[in-house]
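Beneath this line is the structure, given in structure tokens, with notes to follow.
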Number of protein chains: 2
Amino acid sequence: MRGMSGSSESLERRGRSPDAGQEASEDTGLPRQAWTLLFELMHAHMRNFPALAAEFELSPVQAHVVRQLGEGPLAMSTLANYLSCDASNVTGLVDRMEARGLVERRSSEQDRRVKMLVLTEAGVALRERLLERLAEPPELIAALSDEDLRALRDIMRRALRSQ
Amino acid sequence: MRGMSGSSESLERRGRSPDAGQEASEDTGLPRQAWTLLFELMHAHMRNFPALAAEFELSPVQAHVVRQLGEGPLAMSTLANYLSCDASNVTGLVDRMEARGLVERRSSEQDRRVKMLVLTEAGVALRERLLERLAEPPELIAALSDEDLRALRDIMRRALRSQ
DNA sequence: TATTGTTATACTCTATAACTATA
DNA sequence: TATAGTTATAGAGTATAACAATA
């Protein structure tokens, strides 16, 4: 479909040799080396995201909204914030998802300017299938050894802890 | 801006406890545990990609094209392939980038149906700045210990090797 | 006055279908 | 006939600006 594309090319300016990122003292370059490779893998995968969303007849953004909307009512302004987009876009986005019966607008009783979004029953069901699909590891990951997987999992936990 | 949003929410259906992904036998769930956490970090970061592209007055897709176009002439159809989009879109995309002086169309001499894309001098200069910017590790990664960074780098190398 | 959501407008990205020029 | 790129058209996502309702 569209979106970020994958690449087998390194981000390093020096070129694409298998050990690009080995230059300079290892310690000064270490975060950059690790990040560059991680970024490459990320883009290789994100390239498939629009197609994955399309499996559920969702646009990439809609898939993301369904994913975000799991934790109960969310103000439209909060959603705009999560999506890093202008509030005006959320109106049309929610219009389309509401027309498909995935979400509902409910006026807040505390502040009548605010409209809270909730998934419909159909939305919740779709979300469960989507999350299940998203959690399927791609080949690139599934092919790693158990030792690497354990290490990767633990490193990711430590990285996300600081969030 | 827009795009994938970050989330502090786990993909696991069971919930968002710090050790979601710990359930079941560790070995059967290991790829999924590692992937779920990696996916979370990916999305947290991809959320910033449109803003990063905008630093260079590029749309996300244009930024991606600049990145891809580093290895010399590329047929428009090949670019469409890389972008996982229809060839008709590449016409407009390249029109806009050509108008900005970033790329040039050159008719192939082997097959006069084909047009090869090359970065202009300005395009090359922009690409170098962009790659430099993309290679900057985000805080989440930069904060990891050297030991974790080394392990992460090596695991990513092994994962990408199988590509 | 400030904030929430909407509307209006414009641009980019995307898909499909029909077209052209080559092969 | 088949392929590479274009054009036409339509829909989705995005930004900015102006607006109504509410705080």
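Each chain gets a letter, A, B and so on, in the order its sequence line appears, and its residues count up from 1.
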Residues in residues 96-111 of chain A with a heavy atom under 4.0 Å of DNA chain C, by number, are A/Arg105
Separation of C/dC13 atom C1' from A/Arg47 atom CZ, nearest Å, is 17 Å
Taken to the nearest whole Å, CD/B/Gln62 to P/C/dT12 is 8 Å
Determine yes or no for a side-chain-to-main-chain donor-acceptor pair under 3.5 angstrom, with B/Arg106 supplying the side chain and B/Met116 the backbone. no
Discussion item. Taking only side-chain N and O atoms of A/Thr91, does any of them lie within less than 4.0 angstrom of OP1 or OP2 on C/dT7?
Written reply: no
Heavy-atom nearest pair, A/Leu130 first then A/Val66, reads CD2-CG1, 3.9 Å
Looking only at D/dT6, D/dA15, C/dT22, the nucleotide nearest the B/Ala87 side chain is D/dT6
Test side chain to side chain contact (heavy atoms under 4.5 Å, CB included), reference A/Leu52, set A/Glu136, A/Met46, A/Arg133, output is A/Arg133
From CG of A/Asp95 across to C1' of C/dA8 the rounded distance in Å is 14 Å
Exercise. Side chain of A/Arg153, backbone of B/Thr36: donor and acceptor closer than 3.5 Å?
Worked result: no
Closest non-hydrogen atoms of B/Pro73 and B/Val118, given as atom of the first, atom of the second and distance, are CG-CG1, 3.5 Å
Here the distance between atom P of C/dT14 and atom CZ of A/Phe49, to the nearest Å, is 14 Å
Listing for DNA chain D: consecutive Watson-Crick or G-U pair runs of at least 3, distance cutoff 3.5 Å, ranges ordered by first number, gives C:1-23 with D:1-23
Q. So, A/Phe49 versus A/His64, ring centres under 6.0 angstrom or not?
A. no
Notebook entry, point to check: With sugar-phosphate meaning primed atoms plus P, OP1 and OP2, does A/Ser77 contact a base, only sugar-phosphate, or nothing at under 4.0 Å between heavy atoms?
Noted result: sugar-phosphate
Separation of D/dA8 atom P from B/Asn89 atom CG, nearest Å, is 15 Å
Between CG of B/Asp86 and C1' of D/dT3 the distance, given in whole Å, is 13 Å
- Does B/Arg113 get its side chain close enough to the base of D/dT3, under 3.5 Å, for a donor-acceptor pair? yes
To the nearest angstrom, the CG-C1' distance between B/Leu93 and D/dT7 comes to 16 Å
B/Asn81 atom CG is separated from D/dG5 atom C1', nearest whole Å, by 15 Å
Polar side-chain atom of A/Glu98 near backbone of A/Arg105 as donor-acceptor pair, under 3.5 Å | yes
**Asked** So do the side chains of B/Leu149 and A/Gln33 get within less than 4.5 Å of each other, counting heavy atoms only?
**Response** no
Taking donor-acceptor contacts at under 3.5 Å, does the side chain of A/Ser88 reach the base of D/dT16? yes
Per atom distances to the A/Val114 side chain, the nearest of C/dT14, C/dT4, D/dT6 is C/dT4
| message | Please determine whether salt bridge (charged side-chain N to carboxylate O under 4.0 Å, His left out) holds for the pair A/Glu132 and B/Arg32, giving the CA-CA distance in whole Å, both sets of side-chain angles, and the decisive distance to 0.1 Å. | response | CA-CA 10 Å; A/Glu132 195 56 37; B/Arg32 173 180 280 244; 2.9 Å; yes
